[in-house]
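One structure is given here, and the rest of the page talks about it.
Quick note: numbers below take in every heavy atom, side chains included, and nothing from hydrogens, waters or symmetry partners. What you see is a predicted model, and the numbers here were worked out from it, not measured in a lab.
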Amino acid sequence: MTTETERSAERLIDAPAAVIFDILSNPERHPETDASGTVVSDEKTNRIKAVGDVFRMNMTSNAGRGREPEYQTDNHVTGFIENKLIAWRPGPTDADEPFGWEWLYELEPQGSEATLVRLSYRWGDVDKNTVNQVGLPKFEASDLEASLGQLASAVAAAQSRS
């Protein structure tokens with residue numbers, strides 16, 4: 001779905017929601033699921049366990065061309081329902097308030113061995129000056145579809161190891 005302030009995509013992944021959520025709630029695994037190439041690594045953060053948690057990521061603006069971290073973000077968890085929903089808003093490090101755009105994953109079981117995963121990128125709460133300054137949206141639905149493809153690959157790899 002595409003609206004003025006949201007992009008989203010969905011994909012059926014052949015895995016239980018708990019397996020998918022295990023990857024999404026572990027910031028160390030986020031580079032595996034990011035098709036934009038901007039997420040380099042986590043900064044030794046703990047597993048996400050609740051709304052209000054903050055996890056730090058090492059980022060690059062080179063979109064996969066150079067994998068050296070250039071900056072960090074603190075990601076404020078705004079939604080958390082185990083095996084169903086996880087969301088966060090990136091922001092500057094050590095700041096109380098995130099930027100305002102949000103990443104949201106919703107997991108809907110389709111039987112015991114498949115899950116419909118919806119990834120949304122929202123910026124409706126961002127003031128117009130910031131939208132223009134930052135150049136939102138930075139990602140299109142096709143970028144989200146690619147990230148869901150990478151999530152599916154990470155899930156398949158995790159299942160083959162267990």
Worksheet item: L119, I23: one ILVMFWY side-chain cluster at the under-4.5 Å cut-off?
Response: yes
Practice prompt. Considering non-hydrogen atoms only, spot the tightest contact between P16 and Q159 and give its length.
Written response: CD-NE2, 3.7 Å
Fill in: Spacing of L12 atom CG and L116 atom CG [to the nearest 0.5 Å]
6.5 Å
Worksheet item: Considering only heavy atoms from C-beta outward, does the side chain of I13 approach that of L107 to under 4.5 Å?
Response: no
Worksheet item: Less than 4.5 Å apart, any side-chain heavy atom of R7 and any of S120?
Response: no
Fill in: Side-chain donor or acceptor of T115 paired with backbone N/O of E108 under 3.5 Å
no
Worksheet item: Is there side-chain contact between I86 and S25, with heavy atoms separated by less than 4.5 Å?
Response: yes
Worksheet item: Hey, is CG on N132 packed in by over 12 heavy atoms from elsewhere, all under 6.0 Å?
Response: yes
Fill in: Derivation of the side-chain hydrogen bond (donor to acceptor under 3.5 Å, both in side chains) call for T93 and Q72
CA-CA 7 Å; T93 57; Q72 294 180 320; 5.2 Å; no
Practice prompt. Tell me, yes or no, whether the heavy-atom count around E28 atom CD, taken from other residues, nucleotides or ligands under 6.0 Å, exceeds 12.
Written response: no
Discussion item. Donor-acceptor pair, distance only, cut-off 3.5 Å: does the side chain of D34 make one with the backbone of T38?
Written reply: yes
Worksheet, complete the sentence: For R11 and G149 the tightest heavy-atom approach is NH1-CA, 3.2 Å
Item to complete: Answer whether the closest heavy-atom distance between the side chains of P92 and D74 falls below 4.5 Å.
Response: no
Fill in: Student check: side-chain heavy atoms of S41 and M59 closer than 4.5 Å
no
Worksheet item: How are the rings of F80 and F21 set relative to one another: parallel (under 30°), tilted (30 to 60°) or perpendicular (over 60°)?
Response: perpendicular
Discussion item. For a quick test of reading the model, state the closest non-hydrogen atom pair linking P109 to A17 and the distance between them.
Written reply: CG-CB, 4.3 Å
Worksheet entry | P31 versus V39, closest heavy-atom pair with distance | CB-O, 3.8 Å
Worksheet item: Should the pair D22-R47 be classified as a salt bridge under the 4.0 Å nitrogen-to-oxygen rule?
Response: yes
Item to complete: Answer yes when R56 and D94 have at least one side-chain N-carboxylate O distance shorter than 4.0 Å, and no when they do not.
Response: yes
Discussion item. Just verifying a value: how many Å separate N26 CG and E32 CD, rounded to the nearest 0.5 Å?
Written reply: 8.5 Å
Worksheet item: Can you say whether the rings of W103 and Y121 are parallel (under 30°), tilted (30 to 60°) or perpendicular (over 60°)?
Response: parallel
Worksheet entry | Output field: ring centroids W123/F99 closer than 6.0 Å | no
Worksheet item: F139 and Y71: same hydrophobic cluster, using ILVMFWY side-chain contacts below 4.5 Å?
Response: yes
Worksheet, complete the sentence: Nearest heavy-atom contact between A35 and S147 is N-OG, 3.0 Å
Fill in: Sub-4.5 Å side-chain heavy-atom contact between R122 and L104
yes
Worksheet entry | Rounded distance (nearest 0.5 Å) linking atom CZ of R118 with atom CD of E10 | 4.5 Å
Discussion item. Go through it in stages, so that I can follow the logic: the residues are N75 and M57, the test is side-chain contact (heavy atoms from CB on, under 4.5 Å), and I'd like the CA-CA distance, side-chain angles, deciding distance and then a yes or no.
Written reply: CA-CA 8 Å; N75 298 275; M57 300 302 292; 3.4 Å; yes
Fill in: Between E70 and S61, a side-chain donor and acceptor under 3.5 Å
yes
Worksheet item: side-chain contact (heavy atoms from CB on, under 4.5 Å) between W88 and Y105: does it pass, once the steps are laid out?
Response: CA-CA 9 Å; W88 59 84; Y105 286 86; 3.7 Å; yes
Item to complete: Apply the test side-chain contact (heavy atoms from CB on, under 4.5 Å) to residues I20 and L151: give CA-CA distance (whole Å), side-chain angles for both, the deciding distance (0.1 Å), then the verdict.
Response: CA-CA 8 Å; I20 298 166; L151 174 61; 4.0 Å; yes
Worksheet item: When you check the side-chain N and O atoms of D143 and S36, is any donor under 3.5 Å from an acceptor?
Response: no
Worksheet, complete the sentence: In this structure, CG of D14 is separated from CD of Q110 (nearest 0.5 Å) by 11.0 Å
Worksheet item: After noting the C-alpha distance and the side-chain angles of T78 and E102, does the key distance pass the side-chain contact (heavy atoms from CB on, under 4.5 Å) rule?
Response: CA-CA 8 Å; T78 56; E102 182 175 56; 2.4 Å; yes
Discussion item. With a 4.0 Å cut-off on N to O distance, would you call D42 and R29 a salt bridge?
Written reply: no
Discussion item. Once rounded to the nearest 0.5 Å, what's the spacing between atom CG of L148 and atom OG of S8?
Written reply: 9.5 Å
Item to complete: Report yes if the distance between the aromatic ring centroids of H30 and F55 is under 6.0 Å, otherwise no.
Response: yes
